[in-house]
Trainee: 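My structure is below; once you've seen it, I'll send some questions.
Count residues from 1 along the sequence. None of the values given here were measured: they were computed from a predicted structure. Below, each value reflects all heavy atoms present in this structure, side chains not excepted, and no hydrogens, waters or symmetry copies.
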Amino acid sequence: MVTFRELEAIKLLLAGKPVESLPYHVFEDQQEYQDTLASLEAKGYIKDGEVTDMGLNDIEPYRVKNAVIMAAGGGDISSKSVYSLPKGLYVKDGETLIERTIRQLKEAGIDDITVVVGYKQEMYFYLVEKCGVMLAINVAPTKGNILSLAADGVELGSTYICNCDNFFVENPFSAYEHGAFHATQYKEDVSRELVIRKNHGGRILEVLTQSEPGECIYGHAYMDPAFSYRFKQLLGEQLGMFRVDMLFWEEFVSRNVDDLDMFARRYSPEFLLEFDSVQEIQNIDGLFMDNVSDKVNEKICKILDCEPADIMDIQILQKGLTNILFTFVVKGTKYIFRYPGDFSQAFIYRDREVRAQQLAAKAGADTTYVYIDESGCKMSKFRENCKDLSGVYYKDVDFMCELARKIRAMHDESAHMEDWQDFYNNPMEASDALMRLSSQMKGNLFQRFAKDHERINKLYAYTEKDGFEKRMCHNDINADNVLVTDDTFDIIDWEFAGYNDPAYDFGRVIGDYDCDDPDVATIVSAYLGHECSEVERLHFLAYAAIHNYYYFNWALYVESIGNSSRDWMVFFYRQVHKFMNYCLPRYEEIYGEL
């Protein structure tokens with residue numbers, strides 16, 4: 001019988017590689033490797049550094065017979081409008097991910113390969129003729145991938161189990177494997193991963209989810225004949241049980257760990273790449289622009305009158321809850337391109353954004369503008385060397401007054417919009433719409449926040465008595481949406497724009513000030529072009545409450561669909577009460593009880 005370390009040493013000799021080339025831990029040190037070679041030589045398995053016929057004969061039981069590549073899923077990512085292909089067909093270095101895996105398997109001598117398809121399955125059919133693989137169909141690809149291993153046509157014996165979305169820097173496959181294992185990686189961020197617990201010998205004892213960093217299921221696996229036999233037996237017995245069909249196959253192993261021996265094989269992060277989210281796609285060098293919708297390339301070329309080869313230095317930005325952003329350079333000029341995320345459509349009206357962006361560009365409030373359309377695509381000039389506003393925003397009253405004048409220029413540009421009704425944005429109706437959506441998952445929020453709802457609507461009714469003319473507004477002006485260089489001053493990101501009260505734009509322009517701070521009157525006066533009255537000052541303070549109430553509801557919605565609003569929800573809620581409690585009694589003194 002050949003031991004695990006002996007087989008690993010033989011594999012190194014057959015491949016002509018040094019022990020240092022192993023991407024996972026086998027030998028404690030060079031001496032242990034030399035001792036293993038000596039043992040093999042004593043058995044007659046090697047001679048003069050070569051594997052003997054006896055050695056080849058005795059490792060034959062460990063030969064890998066076939067491979068299964070799981071390519072049935074991927075709808076979670078590929079349905080994103082920016083991506084047009086199932087994950088396995090993404091291209092890196094001129095080769096699709098799945099074809100690279102197939103090639104590496106064949107280079108290891110494994111020609112019996114079955115690809116299990118489901119999502120956009122027809123796009124994989126070409127692999128039969130081109131690569132000589134067989135296809136199996138997962139008839140329920142939206143359920144757990146355990147069903148891919150139960151699909152008709154899938155044979156498990158001495159079998160590699162691979163994912164279509166892996167990228168192995170070097171070929172990880174071999175003609176021989178000793179026993180069942182799963183590739184793993186240590187990761188700090190395990191929020192989207194399955195983490196293993198193992199014993200000192202490396203046997204996997206549990207597969208679980210957790211928040212702490214740990215060793216994660218990541219990459220390919222191998223099932224030896226004994227493991228495969230027991231796995232198929234247990235799967236046949238349990239597949240009809242409650243929610244078993246929703247499991248990852250590794251979770252099924254964990255549920256039956258007493259009957260299934262599988263070991264962890266830990267790889268370095270540099271050796272194995274995998275993606276399960278848009279961010280992970282973006283982090284793999286060369287795996288973005290070759291795979292975005294062709295329309296993106298076409299649009300860039302049409303706008304800038306360039307060729308695809310002119311698009312250089314692509315860098316992905318992981319910014320924002322609603323968009324996918326990347327920068328690129330064409331003919332020496334750097335641009336930023338935005339492709340909209342999916343869930344933003346519930347609260348972003350692209351027609352409003354387009355009109356506001358165009359008005360802002362005309363007013364000189366945003367000189368970065370290059371292109372925008374109602375699909376959500378947007379291109380802007382990228383500003384280099386922007387100033388850090390953390391010590392300026394809310395702190396330098398002269399800067400805040402300049403910002404107020406920029407806002408006024410935009411508002412004045414929209415003073416005579418004949419079609420303003422098409423862009424009208426009632427902040428109370430918009431807030432209620434978000435609360436209604438959030439209530440579908442969070443319960444009756446109108447009941448939970450009934451008092452707040454009543455008071456904020458009363459405050460809004462008071463502001464309507466002030467008689468301010470409506471304007472096209474940005475509606476989300478904060479330090480992140482103001483770009484300042486030595487030569488430029490721009491207000492960017494007009495996604496939340498609408499035609500409403502101009503004071504709405506001051507929700508986070510005056511929102512960090514105390515209500516009685518004299519700087520508030522100074523900033524409002526800079527906007528108005530004259531010294532503000534008490535009613536005018538109160539009007540802008542009231543809209544700080546209204547503004548924050550809308551964004552409190554935005555945070556509720558974000559949380560209701562499973563995304564994190566971080567600490568914004570409590571921040572907005574506190575701001576609402578700060579300004580509402582100040583303004584309501586003062587309005588009652590002016591207008592009386594409504």
Side-chain angles (χ1 to χ4, degrees), residues 1-69 95 99-114 131-133 155-163 166-184 201-202 219-228 261-268 270-272:
M1 177 179 285
V2 179
T3 68
F4 167 65
R5 288 188 177 85
E6 287 176 338
L7 182 60
E8 291 297 314
I10 290 173
K11 286 163 60 176
L12 286 170
L13 292 175
L14 291 173
K17 293 181 178 180
V19 66
E20 294 82 7
S21 66
L22 280 171
Y24 49 89
H25 178 76
V26 177
F27 301 101
E28 292 296 333
D29 50 33
Q30 183 70 30
Q31 185 59 53
E32 185 175 39
Y33 176 59
Q34 293 300 325
D35 290 345
T36 303
L37 292 179
S39 173
L40 288 168
E41 190 164 7
K43 289 182 176 182
Y45 287 169
I46 64 172
K47 184 178 181 180
D48 299 329
E50 301 286 337
V51 182
T52 65
D53 290 342
M54 178 190 293
L56 291 173
N57 182 69
D58 281 10
I59 65 171
E60 191 60 25
Y62 302 99
R63 181 176 290 278
V64 180
K65 300 293 179 61
N66 70 318
V68 174
I69 303 177
E95 185 177 35
E99 286 182 60
R100 180 184 178 90
T101 298
I102 292 169
R103 173 175 58 79
Q104 290 176 325
L105 284 165
K106 287 180 175 289
E107 288 174 353
I110 302 155
D111 295 316
D112 184 351
I113 302 170
T114 299
C131 302
V133 302
E155 297 293 334
L156 300 178
S158 298
T159 309
Y160 276 126
I161 309 297
C162 306
N163 300 312
N166 290 151
F167 181 91
F168 302 104
V169 176
E170 297 179 18
N171 194 334
F173 305 115
S174 170
Y176 307 94
E177 293 292 357
H178 194 272
F181 72 85
H182 203 301
T184 63
H220 63 301
Y222 171 71
M223 296 182 178
D224 63 28
F227 183 98
S228 294
D261 288 337
M262 176 167 275
F263 291 78
R265 180 176 290 184
R266 183 170 166 180
Y267 286 82
S268 68
E270 296 78 22
F271 183 85
L272 167 60

Trainee: Is Gln30 close to Val19 at the side-chain level, that is, under 4.5 Å between some pair of heavy atoms?
Mentor: yes

Trainee: Any ion pair linking Glu8 and Arg5 (charged N to carboxylate O, less than 4.0 Å)?
Mentor: no

Trainee: Taking the ring of Tyr24 and the ring of Tyr267, is the distance between their centroids below 6.0 Å?
Mentor: yes

Trainee: Give, for atom CG of Leu7 and atom OG of Ser174, the distance between the pair rounded to the nearest 0.5 Å.
Mentor: 7.0 Å

Trainee: If every non-hydrogen atom of Tyr222 is compared with every non-hydrogen atom of Gly179, which pair is closest and at what distance?
Mentor: CD2-O, 3.3 Å

Trainee: Can you establish whether the number of heavy atoms outside Lys43 located under 6.0 Å from its atom NZ is more than 12?
Mentor: yes

Trainee: Looking at Lys106 and Cys131, would you say the former's side chain and the latter's main chain have a donor-acceptor pair under 3.5 Å?
Mentor: yes

Trainee: Show the nearest heavy-atom pair for residues Val64 and Ser158, with the distance to one decimal.
Mentor: CG1-O, 3.5 Å

Trainee: Using only atom types and a distance under 3.5 Å, with no angle test, would you say the side chain of Thr159 pairs donor to acceptor with the backbone of Ala67?
Mentor: no

Trainee: With distance as the sole test, does Asp29 use its side chain to make a donor-acceptor pair with the main-chain N or O of Gln31 at under 3.5 Å?
Mentor: yes

Trainee: Can you confirm whether Gln104 sits close enough to His220 that some side-chain heavy atom of one is under 4.5 Å from a side-chain heavy atom of the other?
Mentor: no

Trainee: Check Leu40 against Ala9 and note the closest heavy-atom contact, atom names and distance.
Mentor: CD1-CB, 3.8 Å

Trainee: At what distance, to the nearest 0.5 angstrom, does CD of Glu95 lie from OG1 of Thr101?
Mentor: 8.5 Å

Trainee: Supply the atom-to-atom distance Glu177 CD to Tyr62 OH, rounded to the nearest 0.5 angstrom.
Mentor: 12.5 Å

Trainee: What are the two closest heavy atoms between Thr184 and Ala264, and how far apart are they?
Mentor: CG2-CB, 4.0 Å

Trainee: Measure the acute angle between the ring planes of Phe4 and His178, then classify it against the limits of 30° and 60° as parallel, tilted or perpendicular.
Mentor: perpendicular

Trainee: For Glu60, does the CD atom sit with more than 12 other heavy atoms under 6.0 Å from it, leaving out its own atoms?
Mentor: yes

Trainee: At their closest point, which heavy atom of Gly219 faces which heavy atom of His182, and how far apart are they?
Mentor: O-CE1, 3.5 Å

Trainee: We want to know whether Glu155 and Thr114 form a side-chain donor-acceptor pair, criterion being a heavy-atom distance below 3.5 angstrom.
Mentor: no

Trainee: Is there side-chain contact between Leu105 and Val133, with at least one heavy-atom pair below 4.5 Å?
Mentor: no

Trainee: To the closest 0.5 Å, what do you measure between CG (Leu22) and OH (Tyr33)?
Mentor: 8.0 Å

Trainee: Flag the pair Glu107 and Arg103 as a salt bridge only when some basic side-chain nitrogen lies within less than 4.0 angstrom of an acidic carboxylate oxygen.
Mentor: yes

Trainee: Can you see which heavy atom on Leu156 is nearest to which on Met223, and at what distance?
Mentor: CD1-SD, 4.1 Å

Trainee: Lys11 side chain to Tyr176 main-chain N or O, any donor-acceptor pair under 3.5 Å?
Mentor: yes

Trainee: For the pair Arg100 (side chain) and Asn166 (backbone), establish whether a donor and an acceptor sit closer than 3.5 Å, ignoring hydrogens and angles.
Mentor: no

Trainee: Could you measure the distance from the NZ atom of Lys17 to the CG atom of Leu12? Nearest 0.5 Å is fine.
Mentor: 8.5 Å

Trainee: When rounded to the nearest 0.5 angstrom, what is the spacing between CZ in Phe27 and CG in Leu37?
Mentor: 7.0 Å

Trainee: Is there a donor-acceptor pair closer than 3.5 Å between any side-chain N or O of Thr52 and the backbone N or O of Gly44?
Mentor: yes

Trainee: May I have the step-by-step check of side chain to side chain contact (heavy atoms under 4.5 Å, CB included) for Ile59 and Leu14, ending in yes or no?
Mentor: CA-CA 12 Å; Ile59 65 171; Leu14 291 173; 4.2 Å; yes

